[in-house]
Number of protein chains: 2
Amino acid sequence: MRWDSLEQERCSVARTVAVIGDRWSLLILRDCFLRVRRFEEFQSRLGVTRHVLADRLKKLVRFGVLRRAPYQQNPTRYEYILTQKGLDLYPVVMAIVHWGDTHMVDERGRPLLHEHKSCGKMFDPVMVCSECGEPIVAKQVHVHAGPGAAEGAAEEMAARATELSARAK
Amino acid sequence: MRWDSLEQERCSVARTVAVIGDRWSLLILRDCFLRVRRFEEFQSRLGVTRHVLADRLKKLVRFGVLRRAPYQQNPTRYEYILTQKGLDLYPVVMAIVHWGDTHMVDERGRPLLHEHKSCGKMFDPVMVCSECGEPIVAKQVHVHAGPGAAEGAAEEMAARATELSARAK
DNA sequence: GCATATAGTTCTAAAATAGAACTGTCAACT
DNA sequence: AGTTGACAGTTCTATTTTAGAACTATATGC
């Protein structure tokens, strides 16, 4: 499978992964949320090769996650700024940070703490249901085929449910 | 930079990315949350090469995201099941799904809908502050050096803040 | 004995990445 | 006028990773 074919898949994970599903894109994004904007700064902070950095920045711009904006003339130089589409990736980055904070820290503890300016407290991000506000756990979620599902997806899912209940016996 | 050196970094994003920061790991995880468990089923659903699939499953087991459990004897065969550490990745996967649903769907609409069994409604995942319950947006979050920060991180962050306010003038 | 099922491993060619050097533009110094 | 330095890339070769296909191992059922 190629990178490009991922974009075409009828799965929101696959399509998102086509944009940010590699190591460097995710680390670039992390830095964007820490207000890093310029090529040299990304490069020196990340240690990524210049070749790959240029490639990933282009890709993130192409997908509308970043925009390339001039910040000086003579010579014209550009910086990379999160668009709204990019800012909307904050929950993804925070979910990743929180899992790392929970499961991957060493004895020294968390590298960063996050303060919520609105309430003034140090916080953890929590994922909740938009309807009832309760925290979401995998076992409490049931999946249905949506309008954009592949043909036959509903049938497949029904078959899968039958098979799963059979296996559970 | 090598994969292994990422694990060592004092950054929760980098450490998490060392575990799940590649295309196939994220798609494998998606399928895990859809109750896929067996090698052949991952392979046929994902279209990943068997070589890479075996490699990624081993890695996810090594990091404690999945466990390899026998489900039959003669011959002994194994399936891959999410551990609690793996289940805790649900917010990451849901954040990715939600961004894809918001920004990457075509005219047909969402491929999948999610029902919250607890309240019975179709929902979107929302990331909120653990302290005040308000939704989190990037601009309302301020970052502090934590106990596990690199030496000099506090100073670096202060310098960065100064530089940013200077640039804003 | 032969086909089928499952979970891998092994092989070669193609693609991506690392690491280093190089390019182009302009300001500022000597 | 020439040299140095900053910045944002591009280009080059060597190494690593991935794709794609074939092969291995173990056991059941025909």
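In the text below, chain A, chain B and the rest are named by the order of the sequence lines, each starting its count at 1.
K121(B) places no side-chain N or O within donor-acceptor distance of the main-chain N or O of C129(A), the cut-off being under 3.5 Å.
One can find a donor-acceptor pair under 3.5 Å joining the base of dA7(C) and the side-chain atoms of R50(B). R38(A) contributes no side-chain N or O that forms a donor-acceptor pair with the base of dA8(D) under 3.5 Å.
Across the protein-nucleic acid pair, L53(A) atom CG and dT11(D) atom C1' stand 16 Å apart, rounded to whole Å. In this structure, CZ of R77(B) is placed 11 Å from P of dT26(D), rounded to the nearest angstrom. In this structure, the OH atom of Y80(B) is 8 Å from the C1' atom of dA7(C), given to the nearest Å. We find that NE2 of H51(A) is positioned 12 Å from C1' of dG19(C), with the value rounded to whole Å. Rounding to whole angstrom units, CG of residue D22(B) and C1' of dT18(D) are separated by 11 Å. When the P atom of dG9(D) is taken as reference, atom CD of E40(A) falls 9 Å away, rounded to whole Å. At whole-Å resolution of the value, CG in D55(A) and P in dT11(D) are 13 Å apart. Atom-to-atom, CZ of R23(A) to C1' of dT16(D) comes out at 11 Å; the value is rounded to the nearest Å.
Of all heavy-atom pairs between H114(A) and V97(A), the closest is CE1-CG1, 3.7 Å.
Counting heavy atoms from C-beta outward, I28(A) and V36(A) have side chains that stay 4.5 Å or more apart.
Comparing dT25(C), dG8(C), dT17(C) by their closest approach to the side chain of R56(A) singles out dT17(C).
A cation-pi arrangement is absent between R56(A) and F42(A) under the rule of less than 6.0 angstrom and at most 45 degrees off the ring axis.
Taking the nucleotide of DNA chain D with the nearest heavy atom to each of P75(A) and K58(A), the more 5' of the two is matched to P75(A). The nearest heavy atom of DNA chain C to A54(B) and to V52(A) marks one nucleotide each, and the one closer to the 5' end goes with A54(B).
Between dA7(C) and R37(B), no contact under 4.0 Å exists linking OP1 or OP2 to a side-chain N or O.
Between H142(B) and H144(B), a ring centre-to-centre spacing shorter than 6.0 Å is recorded.
Across all strands shown, Y71(B) has heavy atoms under 4.0 Å from sugar-phosphate atoms exclusively, and none from any base.
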